Amino acid sequence: MTSKASKLQPANDQQGRHRVPVQLIYASDSLEPAAGQSDRHVLGEIRFESTPTTLHREDINYPLVCVPIQQLWEPLVKEYWLSPTPVEYRQQADIRFSNNDQVLFGYTHFTLPTNGVSLEKQIRRRYDAMLALLQSQGYAHLMRVWNYLPRIGDEIEGMECYRRFCRARHDAFETFYEELIPNLPATSVLGTTGTDLQIVFLAGRSSLYHYENPRQVSAYHYPLKYGPKSPLFARATLVRWNREDTLFISGTASIVGYESQHRGDARAQAEEILRNIEALIAHVAKSIRMTTPGLGGIRQLRVYLRNSGDLGTVRQIVEGCLGASAQVVYLQAGICRRDLLVEMEALLGLEKPA
Ligand code: 3EB
């Protein structure tokens with residue numbers, strides 16, 4: 001069947017030119033996804049390990065991100081962001097990156113200063129560098145950003161670390177973009193037990209479609225009580241490829257309007273998050289005149305839990321909502337508001353009708 005199917009494909013599909021330029025796969029330890037395959041090239045790899053052992057491996061040429069947060073459910077997986085076409089690997093200033101002709105995957109990290117002013121300066125510097133790199137390389141459109149932030153909920157010289165992060169990011173984006181809101185990408189910010197702020201990003205050459213959630217106030221319009229400068233991100237980003245669209249859903253919490261819901265109740269928070277994600281998927285589908293795939297359309301879901309003891313409860317809720325082929329990773333991480341126990345982010349592939 002495989003060979004028959006491949007004969008039906010256009011000849012240049014062998015080089016992957018018609019396939020989705022960036023695809024996420026989860027692999028268990030034994031599997032090397034790119035070994036010997038001419039149509040699988042690694043843009044980057046993300047591992048979650050409470051005590052990373054392999055931050056510097058000489059035999060790996062692609063950006064390898066080891067995030068010091070614990071995976072709560074076996075089998076332990078690695079995330080590979082794959083390209084169907086060959087990839088270049090480069091470094092500029094403090095940013096390691098890889099790219100094919102349509103997508104750039106980047107990674108930068110630095111030890112978090114303990115002083116509030118230098119902390120914000122450093123974050124600003126890295127965001128400036130990221131935006132400048134994307135501009136100079138011609139991948140000007142940010143599609144997805146992950147920020148792994150140590151001490152996320154700690155006060156650092158009188159202001160919460162996450163709020164300082166938001167202010168520094170705000171300054172960088174505001175300075176760089178003439179029009180701010182249409183450029184904000186899907187994003188996550190989670191707390192780690194490590195020493196370094198780790199920033200991972202995907203960017204593309206052509207324009208993207210960013211969405212807000214009808215159940216939530218846009219984060220860039222949050223009231224002042226959540227911090228002096230609002231969090232700048234979109235609730236989701238849609239990338240339209242030739243045959244399929246990719247939908248990146250941001251870290252989503254149990255927030256309706258702008259207020260946290262169900263304090264202290266992980267089960268109710270998980271249910272609220274899934275309602276938020278479901279509404280967002282329906283909203284995006286409607287805008288592209290497509291029947292919503294619902295939560296069943298989720299291919300990959302990361303579930304972040306503040307307390308590992310909530311795993312059983314949350315797993316039960318999540319597994320009852322997703323399709324059989326969805327891949328779910330459960331992680332223990334810090335979450336930005338003190339009253340939140342759970343956060344989830346998702347990736348969907350929306351196939352275009354033939
Ligand atoms: C929220 O909705 C929950 O600051 O970039 C989720 C995703 C959250 C991204 C960010 C924050 C961010 O406000 C927290």
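What you see is a predicted model, and the numbers here were worked out from it, not measured in a lab. We count ligands from 1, going down the list as the structure has it; atoms in each ligand are counted the same way.
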Compute both the distance and the angle, then confirm whether [X] meets the cation-pi test with [Y]: under 6.0 Å from the six-membered ring centre, within 45 degrees of the axis.
X      : Y      : value
Arg338 : Tyr162 : no
Arg144 : Phe248 : no
Arg337 : Tyr226 : yes

Using a 4.0 Å cut-off to any heavy atom of [X], which atoms of ligand 1 qualify?
X      : result
Val189 : 4 (O), 5 (O), 10 (C), 12 (C)
Arg235 : 1 (C), 2 (O)
Pro231 : 4 (O)
Ile255 : 1 (C), 2 (O), 3 (C), 13 (O)
Thr187 : 5 (O), 7 (C), 9 (C)
Cys336 : 14 (C)

Quiz item: Are Lys352 and Asp245 side-chain neighbours, meaning at least one heavy-atom pair lies under 4.5 Å?
Solution: yes

Quiz item: Is the side chain of Thr252 donor-acceptor paired with the backbone N or O of Asn276 at a distance under 3.5 Å, no angle test?
Solution: no

Nearest protein heavy atom to [atom], by residue and atom, and its distance?
atom                    : answer
atom 7 (C) of ligand 1  : Gly251 O, 3.2 Å
atom 12 (C) of ligand 1 : Phe233 CE2, 3.2 Å
atom 5 (O) of ligand 1  : Arg169 NH1, 2.7 Å
atom 4 (O) of ligand 1  : Tyr162 OH, 2.5 Å

Quiz item: Are a donor atom and an acceptor atom from the side chains of Tyr139 and Arg205 found within less than 3.5 Å of each other?
Solution: yes

Quiz item: Quick one: which of Glu272, Glu271, Gln269 gives a side-chain hydrogen bond (donor to acceptor under 3.5 Å, both in side chains) with His262?
Solution: Glu272

Exercise. Find the distance between CG (Leu238) and OG1 (Thr246) and round it off to the nearest 0.5 Å.
Key: 8.0 Å

Exercise. Could you grab the distance from atom NE2 of His141 to atom OG of Ser206, nearest 0.5 Å is fine?
Key: 7.0 Å

Quiz item: Is there a heavy atom in Glu343 that sits closer than 4.0 Å to ligand 1?
Solution: yes

Self-check item: Whether Tyr226 lies under 4.0 Å from ligand 1, heavy atom
Solution: no

Self-check item: Contact check: Tyr222 vs ligand 1, nitrogen or oxygen atoms, below 3.5 angstrom
Solution: yes

